[in-house]
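Shown next, in structure tokens, is the structure this report addresses.
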Amino acid sequence: MHELLTPMEMGEADRLAIAAGPCDGYALMRNAGAVIAQAVLSRFPDAGRIAILCGPGNNGGDGYVVAKLLEEAGLDVACFRNHAPREGSDALLAAADYHGPVHLLDNFTPGDFELVIDALYGAGLSRPIDGIERLIVEAVNASGMPVVAVDLPSGVSGASGAVLGAAFEAMLTVTFFRKKPGHVLQPGRDRCGEIVVADIGIRENVLDAITPQCFENTPYLWLRAFPTLSNDTHKYRRGHVAVFSGGPTATGAARLSARAAARIGAGAVTVLSPPDALLVNAAHLTSIMLRKTESVADAVDFIRDRKVFSAVLGPGFGDAARICALVPALLDRHQTGEAFKGLVLDADALTAFEDNPHMLFDAAGKHVDALVLTPHEGEFQRLFGSIGVDPTLSKLEKARAAARRANAVIIYKGPDTVIAAPDGRVAINTNATPLLATAGSGDVLAGMVAGMLAQGMPAFEAATAAVWLHADAAKRFGPGLIAEDLPEMLPEVLVGLGLN
Ligand SMILES: NC(=O)C1=CN([C@@H]2O[C@H](COP(=O)(O)OP(=O)(O)OC[C@H]3O[C@@H](n4cnc5c(N)ncnc54)[C@H](OP(=O)(O)O)[C@@H]3O)[C@@H](O)[C@H]2O)[C@@H](O)CC1
Ligand SMILES: Nc1ncnc2c1ncn2[C@@H]1O[C@H](COP(=O)(O)OP(=O)(O)O)[C@@H](O)[C@H]1O
Ligand SMILES: [K+]
């Protein structure tokens with residue numbers, strides 16, 4: 001159930017299901033209407049007057065089915081429409097089967113009702129909501145009355161989660177077969193309220209032909225690739241991570257990354273520190289090792305000689321010129337040696353390339369197995385220029401395009417973090433909490449990704465696992481969270497996954 005289908009893929013699922021039988025399109029619509037009616041009856045058993053707003057397409061068709069079923073159940077319903085169902089559509093059949101009155105939308109007054117069922121537009125939303133419909137959406141939202149959305153709250157794009165014109169703020173959204181990206185990308189996700197995915201008779205095997213490439217980030221995606229411990233392991237075999245420290249007044253970020261890498265299971269972690277920051281780092285490190293690193297050669301020699309598996313560069317690092325010198329060396333297997341599998345670039349290591357992103361993109365993918373970039377919104381815009389500001393692209397499409405361009409796994413952070421691989425796979429994270437909006441939490445995430453890479457996880461799985469575990473740690477800690485708390489929650493998070 002973790003696949004996310006674009007509206008086009010959902011249309012394909014619909015066509016394949018109808019072709020395979022036994023349900024035709026109208027049977028699927030009746031099933032869809034039935035699950036909505038059931039949800040309304042179970043959650044709002046005492047609802048007074050219910051308004052059902054029906055659009056011209058099949059979303060409206062679902063609405064007429066719901067109207068018929070709720071009326072048969074003895075509820076007081078009234079249907080409203082702005083346009084008649086399209087000729088030859090299943091919606092026309094559904095409207096014909098509903099024998100109650102259908103009023104014009106202009107006559108709908110929210111104050112006359114206790115519940116709204118929104119069946120205006122779903123997968124077929126093709127332009128912004130405007131005119132009387134926009135006024136109604138805004139009036140219903142302002143009234144605070146509960147809205148049950150059929151498939152998607154009208155106005156939310158199923159492909160991108162964008163609000164086109166205006167969108168209902170639903171209490172409950174019932175969608176069919178699989179969620180769509182618009183259910184999990186912001187702001188769409190906030191407009192959906194609770195989301196129920198209902199079975200309407202489409203068989204799972206239609207997905208074999210569709211091969212979806214977009215997923216909700218759940219443990220199902222990466223648990224099988226999660227590292228396991230053998231009895232004869234040792235600390236360096238579990239994975240050695242190096243984290244580059246900034247100067248004497250900016251060392252905390254590297255230590256957050258280092259601590260996170262260790263807590264997620266790397267066997268050894270070393271902070272590579274400039275000479276002038278050595279003492280401040282030494283004063284704060286216990287199990288994490290420390291190494292004086294003055295030059296690019298120092299760093300790559302250490303990585304090669306001490307069999308470092310992965311590294312984090314960027315958090316608190318500052319010096320852009322040094323980053324631009326370090327990164328090509330770290331991405332060159334001839335310099336780092338074969339053991340070095342992955343590099344995580346965050347914060348300053350992303351911004352350092354804003355004027356010359358090709359320097360980074362050209363070096364990427366040539367040698368190192370795994371390059372992971374972890375930009376937040378601002379860093380993404382700086383590094384990916386035209387992709388970042390393209391208004392026609394959703395966050396999902398931006399992350400996917402960036403991953404292709406950079407030859408890297410991208411973790412495009414935020415409330416709806418999107419993780420994209422150069423091969424087109426994309427995962428959207430849904431377990432985050434706004435408590436993560438605290439200084440240093442991104443540094444912890446970078447360290448977690450490096451810790452997963454060091455333990456041999458492939459880059460996409462390492463990134464998706466780290467993002468999920470990071471959010472789970474925040475949720476488990478709860479209010480009062482600061483970045484230092486995140487690594488300390490990881491043992492509990494791992495036990496919660498059954499990984500003990
Ligand atoms: N797939 C499945 O398995 C199943 C799907 N089912 C249901 O079907 C729904 C999809 O149906 P759908 O394709 O007919 O699209 P829908 O959202 O009703 O709208 C299209 C119509 O609206 C119009 N229109 C669009 N935007 C507009 C705007 N802003 N303002 C004004 N008009 C606008 C658009 O006009 P056009 O773009 O053609 O000019 C067209 O006439 C899906 O969400 C689910 O509920 C279920 O029955 C069970 C099986
Ligand atoms: N409102 C929010 N809801 C959920 N997660 C958030 C929110 N704001 C930030 N985050 C998460 O918190 C982390 C912040 O990272 P970043 O911006 O790099 O912070 P820092 O540079 O201080 O470490 C990211 O993982 C991001 O996805
Ligand atoms: K709808």
Classify the ring geometry between [X] and [Y] as parallel (under 30°), tilted (30 to 60°) or perpendicular (over 60°).
| X | Y | value |
| --- | --- | --- |
| H240 | F302 | perpendicular |
| H2 | F215 | parallel |
| F361 | H358 | perpendicular |

So do [Y] and [X] actually touch side chain to side chain, heavy atoms under 4.5 Å?
| X | Y | result |
| --- | --- | --- |
| E194 | V174 | no |
| I428 | E216 | no |
| V184 | D416 | no |
| E294 | P275 | yes |
| I195 | K179 | yes |
| P357 | F384 | no |
| T351 | E354 | yes |
| P153 | E169 | no |

- request: Could you check V449 against I411 for side-chain contact (heavy atoms from CB on, under 4.5 Å), going step by step and ending with a plain yes or no?
  value: CA-CA 10 Å; V449 177; I411 300 179; 3.8 Å; yes

task: Take V344 and T374 through the test side-chain contact (heavy atoms from CB on, under 4.5 Å) and record every step on the way to the result.
output: CA-CA 8 Å; V344 182; T374 62; 4.1 Å; yes

Do [X] side-chain atoms and [Y] backbone N/O form a donor-acceptor pair below 3.5 Å?
| X | Y | answer |
| --- | --- | --- |
| K395 | V418 | no |
| T173 | C192 | yes |
| D62 | V150 | no |
| D348 | G318 | yes |
| T464 | F460 | yes |
| E488 | D485 | no |
| T211 | D208 | no |
| E397 | S394 | yes |
| K341 | G456 | no |
| S154 | Y121 | yes |

query: Just by distance, with hydrogens left out, do T6 and K180 show a side-chain donor and acceptor under 3.5 Å apart?
result: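 The criterion, which ignores hydrogens and geometry beyond distance, is not satisfied for K180 and T6.
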
message: Under 3.5 Å, is there a donor on one side chain and an acceptor on the other for T293 and D298?
response: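 Short answer, no.
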
message: Walk me through whether E484 and R255 qualify under salt bridge (Lys or Arg N to Asp or Glu O under 4.0 Å).
response: CA-CA 10 Å; E484 284 93 324; R255 286 197 303 277; over 6 Å; no

message: Assess the residue pair S157 and S160 against the criterion (side-chain hydrogen bond (donor to acceptor under 3.5 Å, both in side chains)); give the C-alpha distance rounded to whole Å, side-chain angles, the decisive distance to 0.1 Å, and a yes or no.
response: CA-CA 5 Å; S157 158; S160 71; 3.2 Å; yes

field: Derivation and outcome, side-chain contact (heavy atoms from CB on, under 4.5 Å), residues L152 and F168
entry: CA-CA 9 Å; L152 282 155; F168 283 112; over 6 Å; no

Quiz item: cation-pi between K398 and F380, 6.0 Å / 45°: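 The answer is no, since K398 fails at least one limit relative to F380.
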
Can you tell me how far [atom2] of [Y] sits from [atom1] of [X], rounded to the nearest 0.5 angstrom?
| X | Y | atom1 | atom2 | answer |
| --- | --- | --- | --- | --- |
| R224 | E461 | CZ | CD | 9.5 Å |
| T175 | I36 | OG1 | CD1 | 8.5 Å |
| M1 | F177 | CE | CZ | 8.5 Å |
| I303 | L272 | CD1 | CG | 6.5 Å |
| L330 | I323 | CG | CD1 | 10.5 Å |
| L469 | N217 | CG | CG | 9.0 Å |

Distance-only check: which donor-acceptor pairs under 3.5 Å involve side-chain atoms of residues 433-447, not counting sequence neighbours?
unit_1 : atom_1 : unit_2 : atom_2 : d
T433   : OG1    : L435   : N      : 2.9
S441   : OG     : L436   : O      : 2.7
S441   : OG     : T438   : O      : 3.3

query: Could you go step by step and tell me if R178 and E204 meet the salt bridge (Lys or Arg N to Asp or Glu O under 4.0 Å) rule?
result: CA-CA 10 Å; R178 289 292 186 276; E204 298 286 309; 2.6 Å; yes

Within the supplied structure, the quantity of interest is the number of heavy atoms (other residues, nucleotides, ligands) at a distance under 6.0 Å from [X] [atom1]; does it exceed 12?
| X | atom1 | answer |
| --- | --- | --- |
| M8 | CE | no |
| L223 | CG | yes |
| K475 | NZ | yes |

- request: Test salt bridge (Lys or Arg N to Asp or Glu O under 4.0 Å) on R15 and E12 and set out the steps.
  value: CA-CA 5 Å; R15 272 187 293 281; E12 184 61 12; 3.2 Å; yes

- request: Would you mind checking if E377 and R382 are paired as a salt bridge, meaning a charged N to carboxylate O distance below 4.0 Å?
  value: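 Looking at E377 together with R382, the answer is no, because their closest N to O distance does not fall below 4.0 Å.
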
- prompt: Can D232 and R237 be counted as an ion pair, charged N to O under 4.0 angstrom?
  reply: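 A salt bridge links D232 with R237.
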
message: V409 vs L371, test: side-chain contact (heavy atoms from CB on, under 4.5 Å). Steps then yes/no.
response: CA-CA 6 Å; V409 167; L371 175 63; over 6 Å; no

